[in-house]
Undergrad: 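Sharing a structure, written as C-alpha cells. Questions coming.
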Amino acid sequence: MIRDPLTLSDEELLQGCVVETFRASGPGGQHRNKTESAVRIRHVETGCVAQAYESRSQHENRVRALERLRARIALEVRRAVELTGYTPPPELRAILPGAGSQRVKGRNASFWPGARALLDLLVADELAMAPAAARLGLSTGQLSRLITGEPELLRVVNDLRAGRGLHPLR
C-alpha cells in the first residue's frame, strides 16, 4: 500500500524524492555564487517539484523546499471522495472555522493535509461552493473566507473553477 506523502516524516518523504543542489544566482555576494546552496526536490510518485534558494545555507533551503513540496502535493494531487455519507476527515476539521485552538493557518505544514482534503471535496462537488459548505456545516461565506485566506489555495481553486467556466472567488 502506498502511504500518503503528506503524512510521512521528512525523512520518509525524502526517500521517495530526487534531491538536487545547484548554484543560485542573485543577491548574496560571491559566497552564494560559489556554493551549491540552492535545493530542488522532486517527488517521484507525484512528479511534484519544489525548490528553495533564498538562503546561503543548503540545510535551510532543503527545509524550505520540503515545506513547499508538501504544499505543492496538497495543491496538485487529487484523491477521489465518496460523497454519500461524507464526513470531513480530521485534517480538514482542524482547519475549519470554529476549530478553536486546533485551527492551523496557511504556510504551516499541518495546514496542507486539510487544504488537500478541502480541494478533494470541492472537486467531488464540481467546485460548487454551496454543497461543499453544507457538507462541512459551514456557510458559503465561511468557506469562501477559508479559501481566500490562503493565496495559493485561492489560486488553485480559481484555476479549477476557470477550467469549468465558473466565476472566480474573490
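Side chains included, hydrogens not; waters and symmetry mates left out as well; all remaining heavy atoms used. Position 1 is the first residue of the sequence; numbering continues from there. What you see is a predicted model, and the numbers here were worked out from it, not measured in a lab.
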Undergrad: Working to the nearest 0.5 angstrom, can you tell me the gap between Leu122 CG and Met129 CE?
TA: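 Between atom CG of Leu122 and atom CE of Met129 there are 6.0 Å.
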
Undergrad: Just to verify, what does Arg135 make a salt bridge (charged side-chain N to carboxylate O under 4.0 Å, His left out) with, not counting sequence neighbours?
TA: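 Expected list: Asp125.
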
Undergrad: Should Glu60 and Glu54 count as side-chain neighbours, where that means a heavy-atom distance under 4.5 Å?
TA: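 Result no, sub-4.5 Å side-chain heavy-atom pair not found.
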
Undergrad: Roughly how far, to the nearest 0.5 Å, is the CG atom of Leu169 from the CZ atom of Arg161?
TA: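 Interatomic distance, Arg161 CZ to Leu169 CG, rounded to 0.5 Å: 4.5 Å.
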
Undergrad: Check side-chain contact (heavy atoms from CB on, under 4.5 Å) between Pro168 and all other residues, then give those that pass, not counting sequence neighbours.
TA: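 Pro168: side-chain contact (heavy atoms from CB on, under 4.5 Å) contacts with Asn158.
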
Undergrad: Apply side-chain contact (heavy atoms from CB on, under 4.5 Å) to Val157 and Leu118, showing your working.
TA: CA-CA 10 Å; Val157 168; Leu118 176 59; over 6 Å; no

Undergrad: Tell me, please, which residues at least two apart from Arg64 pass salt bridge (charged side-chain N to carboxylate O under 4.0 Å, His left out).
TA: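 Once residues adjacent in sequence are excluded, Arg64 has no partner under the salt bridge (charged side-chain N to carboxylate O under 4.0 Å, His left out) criterion.
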
Undergrad: Which residues pass the side-chain hydrogen bond (donor to acceptor under 3.5 Å, both in side chains) test with Thr21, not counting sequence neighbours?
TA: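 Residues passing side-chain hydrogen bond (donor to acceptor under 3.5 Å, both in side chains) with Thr21: Glu36.
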
Undergrad: Can you sort out the partners of Arg62 under side-chain hydrogen bond (donor to acceptor under 3.5 Å, both in side chains), two or more places apart, ordered by chain and number?
TA: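 Per chain and number, Arg62 pairs via side-chain hydrogen bond (donor to acceptor under 3.5 Å, both in side chains) with no residue.
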
Undergrad: Going by side-chain contact (heavy atoms from CB on, under 4.5 Å), name the residues that satisfy it together with Arg42, two or more places apart in sequence or in a different chain.
TA: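 Checked Arg42 against side-chain contact (heavy atoms from CB on, under 4.5 Å); matches are Val18, Val44, Val49.
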
Undergrad: Going only through I, L, V, M, F, W and Y residues with side-chain contacts under 4.5 Å, is there a path from Leu83 to Leu160?
TA: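 Looking at the clustering, Leu160 is in the same group as Leu83.
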
Undergrad: Return each pair, listed once, that meets salt bridge (Lys or Arg N to Asp or Glu O under 4.0 Å) where at least one residue sits in residues 8-21; pairs must be two or more places apart or across chains.
TA: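 Output for this query lists Arg3-Glu12, Asp10-Arg70, Glu20-Arg40.
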
Undergrad: Using the side-chain hydrogen bond (donor to acceptor under 3.5 Å, both in side chains) criterion, which residues pair with Ser57? Sequence neighbours excluded.
TA: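 Expected list: none.
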
Undergrad: Using the test side-chain hydrogen bond (donor to acceptor under 3.5 Å, both in side chains), find all partners of Glu82 that sit at least two apart in sequence or belong to another chain.
TA: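 Only Thr84 meet the side-chain hydrogen bond (donor to acceptor under 3.5 Å, both in side chains) criterion with Glu82.
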
Undergrad: To which residues is Leu8 joined in a hydrophobic cluster, defined by side-chain heavy-atom contacts under 4.5 Å among Ile, Leu, Val, Met, Phe, Trp and Tyr, whether direct or through other members?
TA: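 Same cluster as Leu8: Leu6, Leu13, Leu14, Val19, Val39, Ile41, Leu66, Leu69, Ile73, Val77.
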
Undergrad: Excluding sequence neighbours, so at least two apart, what forms side-chain contact (heavy atoms from CB on, under 4.5 Å) with Arg164?
TA: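 With neighbours one apart ignored, the set is Val123, Glu126, Leu127, Leu166.
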
Undergrad: Enter the distance from Leu92:CG to Asp120:CG here, rounded to the nearest 0.5 Å.
TA: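 That separation rounds to 9.5 Å.
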
Undergrad: Please enumerate all residues that pass side-chain contact (heavy atoms from CB on, under 4.5 Å) together with Arg72, with sequence neighbours excluded.
TA: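 Counting only residues at least two positions away or on another chain, Arg72 forms a side-chain contact (heavy atoms from CB on, under 4.5 Å) with Cys48, Glu76, Arg155.
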
Undergrad: For the CH2 atom of Trp112 and the CG atom of Leu153, what is their distance to the nearest 0.5 Å?
TA: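 So the gap between those two atoms works out to 6.5 Å.
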
Undergrad: Measure the spacing between CZ of Arg116 and CG of Leu121 and express it to the nearest 0.5 Å.
TA: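 So the gap between those two atoms works out to 13.5 Å.
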
